[in-house]
Participant: 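Okay, here's the structure, questions in a sec.
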2 protein chains.
Amino acid sequence: MAGRPTNRDERYLQVMQALVRCVARFGLEGATLTQIAKEAGLTRPLIRHHLGNREEMIGYLTEFVISRFSEQNTTMISALPKQERSTALVQMLFSESAVSAPDMVLAFASLTARATDDADLRAKCRTSLLSFEDAIAKILRDDHPSVDDIRIDATAHGIAALYFNVTSLAPLAMPENRKSLASLVAHNLLEDLKD
Amino acid sequence: MAGRPTNRDERYLQVMQALVRCVARFGLEGATLTQIAKEAGLTRPLIRHHLGNREEMIGYLTEFVISRFSEQNTTMISALPKQERSTALVQMLFSESAVSAPDMVLAFASLTARATDDADLRAKCRTSLLSFEDAIAKILRDDHPSVDDIRIDATAHGIAALYFNVTSLAPLAMPENRKSLASLVAHNLLEDLKD
DNA sequence: TAATTGATTGTCATTATTGACAGTAAAGCA
DNA sequence: TGCTTTACTGTCAATAATGACAATCAATTA
């Protein structure tokens, strides 16, 4: 009754990672099926079998990037300690391990650039970004309950902006001291909340 | 002795603006000659006449984007008042007029993404970015001579990162209050220098 | 073993894009 | 008017990429 077992999920992950990598490097239009196949170590028809045509491919990509973002945030937040959460958060965001996922951010940037023409995509990117900032804001508020919302939101926005900037500039291989500058600024922003 | 007068410079500007616009929207590979022509209101062969083949085109683009960045910075700095320069700088950076040039930043982002594979390009983008931050730092130092260099550099880095983030996220058409948040954070960073 | 289901591959026509070249038009000067 | 220089256009072969379909392989169950 049943046939060959599906490996759809693992293949999907494998293909998606290759896709993200290619889009990060060559942009949405520059990511050729052949390149994706090469990156994934698979054949072109197989990629197409899993991803469908180009339009569907972009749909899968947005779904993947956005959902991964959201779940990455929740896991990061759940990994925070009980006290000094905001400091720990900033340390996680600007540690090497977190910055080692720049392809994701670059792919996200490619999507946002295209969002000019696509209202749906724009809405998705926007809510994704806002929920990221909101998650940060929530943690900040826990540590600083007496600070008013605007300052909390502004600080969260600043930390998010710094994170995106540092991460999306990873291809430039900036000198090491520049990276630590971003972390320093983020901590300064946290200090401001203690006044 | 002399022939038809050249309009190379004006055409060059016209073509370049169309190119920047297309690259901002569709990425480096997605910017088709036909699209550029359509955007510029010219014919495809004419575009090719001025830009040469694709490789040369990218060369022209980097030259254009980077030089415009540098000269935009110098003009902005020369437009600053005598006193309270750092505050005025932040206001200029986050005013509507400055943010109305997001295509430039998006094109720059496309170039940086490709810089992974191209050492020359990487070096150019890097120095361009660093000189931007240095220009900011110089102004900050004028207003706060007693603050040590690391804090100055960190603040300059933060302001630059905020600017890039806000500008490159322009396609998302963020709600108005979010934009003012970035400006607020930048001013907060300035306040920190007064301790 | 046969059947079934899905993964994987091979192949090809269609299309889009490029690169190149020859040729035409326009604008200045002798 | 003729000459020269540059802008601009038309056209076409070559290439790269896509989309689609048929065919084959692999794994599981009856």
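Because the structure is a prediction, the values reported are computed rather than measured. We use all heavy atoms of the structure for the numbers below, so side chains are in, but hydrogens, waters and symmetry mates are not.
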Participant: Kindly say whether A:H157 contributes a backbone atom to a donor-acceptor pair with the side chain of B:R178 at under 3.5 angstrom?
Facilitator: no
Participant: Choose from D:dT18, D:dA7, C:dA7 the nucleotide whose nearest atom is closest to any side-chain atom of A:N7.
Facilitator: C:dA7
Participant: Check if the side chain of A:R44 and the base of D:dG19 share a donor-acceptor pair of N or O atoms closer than 3.5 Å.
Facilitator: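 Such a pair exists between side chain and base.
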Participant: Touch check for A:P5, heavy atoms < 4.0 angstrom, all strands: base, sugar-phosphate only, or nothing?
Facilitator: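 Sugar-phosphate, no base atom in range.
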Participant: Find the distance A:R11:CZ to C:dT5:P and express it as a whole number of Å.
Facilitator: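 To the nearest whole Å, that distance equals 22 Å.
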Participant: Starting from C1' on C:dG6, measure out to CD on A:E10 and report it in whole angstrom.
Facilitator: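 Those two atoms, CD and C1', are 13 Å apart.
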Participant: Remember a base hit wins even if backbone is also touched, and classify B:L42 as base, sugar-phosphate or nothing at under 4.0 Å, heavy atoms.
Facilitator: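 Contact class for B:L42: none.
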Participant: Look only at the side chain of B:R44 and the backbone of B:A37, and say whether a donor-acceptor pair between them is shorter than 3.5 Å.
Facilitator: no
Participant: D:dC21 P sits how many Å from A:N53 CG, rounded?
Facilitator: 12 Å
Participant: Given atom CG of A:L28 and atom P of D:dA17, what is their separation to the nearest angstrom?
Facilitator: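 Taking CG of A:L28 and P of D:dA17, I get 16 Å after rounding.
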Participant: Would you mind telling me which of A:I139, A:L193, A:T155, A:D192 makes a side chain to side chain contact (heavy atoms under 4.5 Å, CB included) with A:H144?
Facilitator: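 One option only clears the test, and that one is A:L193.
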Participant: Give a yes/no answer on whether the side chain of A:T6 brings an N or O atom under 4.0 Å of OP1 or OP2 in C:dG6.
Facilitator: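 So the side-chain polar atoms of A:T6 never come under 4.0 Å of the phosphate oxygens OP1 or OP2 of C:dG6.
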Participant: Taking the six-membered ring for Trp, are B:F164 and B:F69 parallel (under 30°), tilted (30 to 60°) or perpendicular (over 60°)?
Facilitator: tilted
Participant: For the pair made of CD in A:E55 and P in D:dA20, what is the distance, rounded to whole Å?
Facilitator: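 Value for this atom pair: 11 Å.
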Participant: So which nucleotide from C:dT17, D:dT18, D:dT5 ends up closest to the side chain of B:R4?
Facilitator: D:dT5
Participant: Expressed in angstrom and rounded to an integer, what is the separation of B:R54 atom CZ from D:dA16 atom P?
Facilitator: 14 Å
Participant: Using the side-chain heavy atoms of A:H49, tell me which of these nucleotides is nearest: C:dT8, D:dC8, D:dT18.
Facilitator: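 That would be C:dT8.
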Participant: What is the nucleic acid contact for A:R48, judged by heavy atoms within less than 4.0 Å: base, sugar-phosphate only, or nothing?
Facilitator: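 Answer is base: heavy atoms of A:R48 come under 4.0 Å of a base.
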Participant: How close or far is atom P of C:dT17 from atom CE of B:M57, stated in whole angstroms?
Facilitator: 13 Å
Participant: Specify the separation, in whole Å, of atom CG of B:D9 and atom P of D:dA7.
Facilitator: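 Answer to the nearest Å: 10 Å.
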Participant: Please determine, for the side chain of A:L46, which listed nucleotide (C:dA7, C:dT18, D:dG10) has the closest atom?
Facilitator: C:dA7
Participant: Answer yes or no: is there an ion pair linking B:D143 with B:R85, defined by an N-O contact shorter than 4.0 Å?
Facilitator: no
Participant: B:T34 or A:T43: which one's nearest nucleotide on DNA chain C is closer to the 5' end?
Facilitator: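 First, find each residue's nearest nucleotide; the 5'-ward one identifies A:T43.
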